[in-house]
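Just so you know, ligand 1 is whichever comes first in the structure, and atom 1 is the first atom listed for that ligand.
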Amino acid sequence: MKILGIETSCDETAAAVVEDGVSILSNVVVSQIDIFAEYGGVIPEVAARSHLEAMMPVVNKALSDAKCTWDDIDAIAVTYAPGLLGSLLVGTLTARTLAILHNKPLYAVHHLKSHVYANWVNRGNGGTACPSDTLRAAQAKSSRSVEHTVPPFPLLALVVSGGHTQILYMPAHNQFEIIGTTHDDAVGECFDKVAKILGLPYPGGPSIAKAAENGDAKKYKFPHPRVEGLDFSFSGLKTAVLRTVQKELGLPISHPSHDLKNHLSEKQIADFAASFQKTAVDILAEKISMALEQHPDIQSVVVAGGVSANKALREALPEAYFPEPKLSGDNGAMVATAAYYEIQSGVKPTDPYKLNIYPRISIEN
Ligand code: KG4
Ligand code: ZN
């Protein structure tokens, strides 16, 4: 079964063809990072207009890279929630139109669900598909077979993206219970805001990770937030970094945060990046340990979302499943794979004349 997955929830225009939920036949991602690096963040209306320009060329390239015509495609899957309203509209309207035009069943996929399912891409599903060459090479080097096997249930999914930080309990395919969530900022958002304070380019996650390579992670100490149970809070960590930078520079707390970067040395930026990254990763790892204690039935942990690309996080959770780095961020392959498992779970296609978008809906709905 070949599914065309379409993803436009934020600032990536993406489409992919995935066979049987496992083999990537094509994966096209056009990023708008260059546009938004100039502004230091995403401007929703600009994002929507860029999606509109890129959408059909991206879909056509996904088909031609996969050497598929419309006759070969069995279903279309699209992100319908959550995300930026204008961005979601472009992807869903495109998918609705294509589904009607080519008479294909249409599946509407929640964005966080698709991030979680990035962990099934290329890992096999008991079918006959082969893993990618990258994974073959990785497995040859590794004694562990995590790269090959699918994560066993029940599992915990740590979803860490620009908009969400949640721990999900997943007893079986396509079933999600939120057992921890952030009270304020998402961890990716926190990386982006701290990067701004340090004068590092957007998106902040990769630039903090890069700057941190040359930094001393023990140089600055930031308190862990006191949040009940498995919930998170990241806005205090951002403020703690801000106050420590001001203090380090001998500037008052009234000093504007956008000017601090002009006073920081390369060394200070690297040390702040490394110390912040370590704190953020420690907080995530701590909550996962706590969740595992509370749920002794858990068989595996999967990590998902843009922040799952982070190397320090991968090192802090060596037993966890992570997507291939190129599938950590937004892409169409994970949407197609999520839809495949929806179909396996008996989910019926959605009405292409009626599919709506939901910028804020929860994964439990
Ligand atoms: O999943 P994603 O691509 O989009 C959303 O659904 O939000 O996640 C984007 C977030 C951004 O906050 C970005 O800074 C962060 O993921 N990110 C990272 C890394 N790569 C992307 N954070 C930490 N380390 C990284 N290597
Ligand atoms: Zn995402």
Side-chain angles (χ1 to χ4, degrees), residues 5-14 16 27 29-33 36-37 40-42 44 47 51 78-84 87-88 91 109-119 157-166 182 185-198 200-213 215 217 232 234-235 237-238 273-274 276-285 302-317 322-335 337-338 359-361 363:
I6 294 176
E7 152 63 36
T8 64
S9 68
C10 188
D11 60 347
E12 253 97 35
T13 317
N27 188 31
V29 181
V30 170
S31 169
Q32 302 173 12
I33 280 176
F36 297 122
V42 177
H51 283 309
V78 65
T79 313
Y80 79 108
L84 300 173
S87 293
L88 289 168
V109 179
H110 191 281
H111 186 57
L112 300 192
K113 184 192 285 190
S114 65
H115 270 306
V116 170
Y117 273 100
N119 282 287
L158 173 66
V159 180
V160 280
S161 72
H164 294 83
T165 305
Q166 294 187 334
T182 181
D185 292 353
V187 62
E189 189 179 356
C190 191
F191 269 86
D192 295 336
K193 286 179 176 170
V194 168
K196 252 192 182 171
I197 295 170
L198 301 179
L200 297 168
Y202 174 87
S207 30
I208 294 249
K210 188 154 181 284
E213 283 172 15
F232 299 94
F234 282 100
S235 74
L237 177 55
K238 167 206 65 197
F276 157 72
Q277 175 175 264
K278 180 172 172 16
T279 311
V281 164
D282 285 350
I283 292 169
L284 295 171
V302 308
V303 187
V307 184
S308 71
N310 189 275
K311 256 176 73 186
L313 181 61
R314 286 172 183 249
E315 284 162 14
L317 298 170
F322 283 82
E324 280 183 72
K326 70 165 197 273
L327 299 176
S328 280
D330 295 344
N331 65 84
M334 65 187 192
V335 181
T337 296
R360 300 187 63 85
I361 205 169
I363 194 171

Short list, please: which atoms of ligand 1 are under 4.0 Å from a heavy atom of Gly188? 12 (O)
What residues, two or more places apart in sequence or in another chain, satisfy ring pair (Phe, Tyr, Trp, His ring centres under 6.0 Å) together with Tyr117? Trp120, His173, Tyr341
Does some side-chain heavy atom of Met334 sit less than 4.5 Å from a side-chain heavy atom of Leu327? no
Using non-hydrogen atoms of the residue, decide whether Cys10 is closer than 4.0 angstrom to ligand 1. no
Tally, protein N/O/S atoms nearer to the Zn ion (ligand 2) than 2.8 Å: 3
Any nitrogen or oxygen of Gly305, side chain or backbone, less than 3.5 Å from one on ligand 1? no
Is Gln32 reaching over with its side chain to a backbone N or O of Ala47, donor-acceptor style, under 3.5 angstrom? yes
Measure from the side-chain N and O atoms of Asp192 to the backbone N and O of Gly204, and report whether any donor-acceptor pair falls under 3.5 Å. yes
How long is the span from the OH atom in Tyr202 to the CG atom in Asp11, to the nearest 0.5 Å? 4.5 Å
Honestly, for His115 the part within reach of ligand 1 (heavy atoms, under 4.0 Å) is side chain
Under 4.0 Å from a heavy atom of Gly163: give me the atoms of ligand 1 that qualify, with their elements. 7 (O)
Could you tell me whether a side-chain N or O of Arg314 sits under 3.5 Å from a main-chain N or O of Ser308, the two making a donor and an acceptor? yes
Give a yes or no on whether the backbone of Asp330 and the side-chain of His111 come within a donor-acceptor separation of less than 3.5 Å. no
Per-residue contact class, His111 against ligand 1 - non-hydrogen pairs under 4.0 Å: side chain
Specify the protein heavy atom at minimum distance from atom 24 (N) of ligand 1: its residue, its atom name, and the distance to 0.1 Å. Asn310 ND2, 2.9 Å
Residue selection (non-hydrogen contact nearest atom 14 (O) of ligand 1) among Asp330, Leu313, Asp192: Asp192
Verify, without hydrogens or angle tests, whether Asn119 (side chain) and Val303 (backbone) share a donor-acceptor contact under 3.5 angstrom. yes
Does the side chain of Ile283 come within less than 4.5 Å of Leu237's, by heavy atoms? yes
Heavy-atom nearest neighbour in the protein, as seen from atom 7 (O) of ligand 1, with distance rounded to 0.1 Å: Gly162 N, 2.8 Å
For atom 25 (C) of ligand 1, what is the closest protein heavy atom, and at what distance to 0.1 Å? Gly205 C, 3.7 Å
Just jot down the ligand 1 atoms closer than 4.0 angstrom to any heavy atom of Gly329, in number order. 3 (O)
Any donor-acceptor pair under 3.5 Å linking the side chain of Thr182 with the backbone of Thr165? no
Of Ile6, Val109, Val78, which meets side chain to side chain contact (heavy atoms under 4.5 Å, CB included) against Val335? Val109
Under-4.0 Å heavy-atom contact with ligand 1, by part of Val307 that carries it: both
Would you find a donor on one side and an acceptor on the other, under 3.5 Å apart, between the side chain of Ser87 and the backbone of Cys10? yes
Under 4.0 Å, counting heavy atoms only: does Gln277 come that close to any atom of ligand 1? no
Ligand 1 N/O within reach of Gly306 N/O, cut-off under 3.5 Å: yes
Got a salt bridge between Asp282 and Lys278, using NZ or NE/NH1/NH2 to carboxylate O under 4.0 Å? yes
